[in-house]
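Quick notes on the structure that follows.
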Amino acid sequence: MIDRRGFLTIAAATVAAGGLAACAKDNPAKNTGSKGGGKQITLGFSQVGSESGWRAANTQSVKEAAAAAGINLKFSDAQQKQENQISAIRSYIAQKVDVISFSPVVVTGWDTVLKEAKAAGIPVILTDRSVDTSDPSLYVTLVGSDFEVEGERAAHLLEKVLAGHTGPVKIAQLEGTTGAAPAIERAKGFAKVMHASHPDWKIVASQSGDFTRAGGKQVMAAFLQAHSDINVLFAHNDDMAIGAIQSIQAAGKTPGTDIKIVSIDGVHDGFVAMSKGQINAIAECNPLLGPQLMDAVKTVHAGKGSTLPRWIKTKESDYTADQAAAALPNRKY
Ligand code: GZL
């Protein structure tokens, strides 16, 4: 897989050299009005699915921001199937929407359909997750988080959670959807810190729970059957951690105490679990990408896509259980 950072560096160089080609075809002729002044922008959006609390918040943010921006949103839920996203993108091309945006369920397999969008002169903006492609012209920008850094942050949070801990550290890892950018990169970031600074940490079990509660519960139950010595869980999202908590309790163990839990996302139920001491720390992943996406859509539609950075990163924080109760009332999702 092309290293995301490396790829983005190449891409940025390409853009800087003015090499960005037609997909972001700057089309100043088109009227950029959305509200009041001229033709309304139509955005075709393909969402991964509705697998987690994070996804629900992300969908709400996209829909609310489109309405606020006066953008006509065509929205589809792919139920976590790449073929459904490809069909949706083809449908948007056939409908001649002004801009296409999607959160790619996995990183590979997009070049063909993105080349069709480019041939149709429809610019594409990625949200949330990235794709692996050797052709940087196939999308204008990515609005989303740095998942590798999120994995590093989760490892640093685990350092805090394990302060004063003596004895072995036996980690179970609940991975996100196989082949998805957040799953690949969170695992990479976590492993980077672990190998650099913690030779005593050992990942004894690692498997995908597909970012769902049911998946987390099922896989954690199997982990506990096979490894009675697990004392840490690193979950790639809160929903899998919440599912795992049920299996930990069913095994007669106390989540957050017998098995320390570090997760990523920061959804409401994750904060509730933290306030109960069941999750020890969460690296936030901000789902509220709607406003930044709509700004990028308007910029691209106004023919200024080449002025956008290759990656519009979201801001996010880290939280430990002692902060959860105070933070809960102010959480936006
Ligand atoms: C991350 C996003 C992930 C979340 C999960 O940006 O793609 O997918 O971490 C969601 O909760 O299912």
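Throughout, residue positions are numbered sequentially from 1 according to the sequence presented. Counting starts at 1 for both ligands and their atoms, in listed order.
A salt bridge links D98 to K39: at least one charged side-chain nitrogen sits closer than 4.0 Å to a carboxylate oxygen.
A donor-acceptor pair shorter than 3.5 Å cannot be found between the side chains of T127 and S103.
Distances below 4.0 Å separate heavy atoms of C285 from the following atoms of ligand 1: 1 (C), 6 (O). Against a heavy-atom cut-off of under 4.0 Å, F147 is close to the following atoms of ligand 1: 1 (C), 6 (O).
Judged by the 6.0 Å and 45° rule, R331 forms a cation-pi pair with Y333. Figure legend: R310 and Y139 shown as a cation-pi pair, the cationic atom lying under 6.0 angstrom from the six-membered ring centre and within 45 degrees of its axis.
Between the side chain of N84 and the main chain of A78, a donor-acceptor pair closer than 3.5 Å is present.
Residue R186 touches ligand 1 through its side chain alone, judged by heavy-atom distances below 4.0 Å.
In terms of protein heavy-atom proximity, atom 8 (O) of ligand 1 is closest to R129 NH2, 2.8 Å. Given atom 4 (C) of ligand 1, the protein heavy atom at minimum distance is D265 OD1, 3.4 Å. From the protein, the heavy atom lying nearest to atom 12 (O) of ligand 1 is E51 OE2, 2.5 Å.
Counting heavy-atom neighbours within 6.0 Å of Q218 CD, excluding the residue itself, gives a total of 12 or less.
An N or O contact shorter than 3.5 Å links S52 to ligand 1 by distance.
The option from D128, T127, V267 that lies nearest to atom 2 (C) of ligand 1, judged by heavy atoms, is D128.
The aromatic rings of H236 and F234 are tilted relative to each other, their planes meeting at an angle between 30° and 60°.
Within the structure, the closest approach of P182 to ligand 1 falls below 4.0 Å when heavy atoms are considered.
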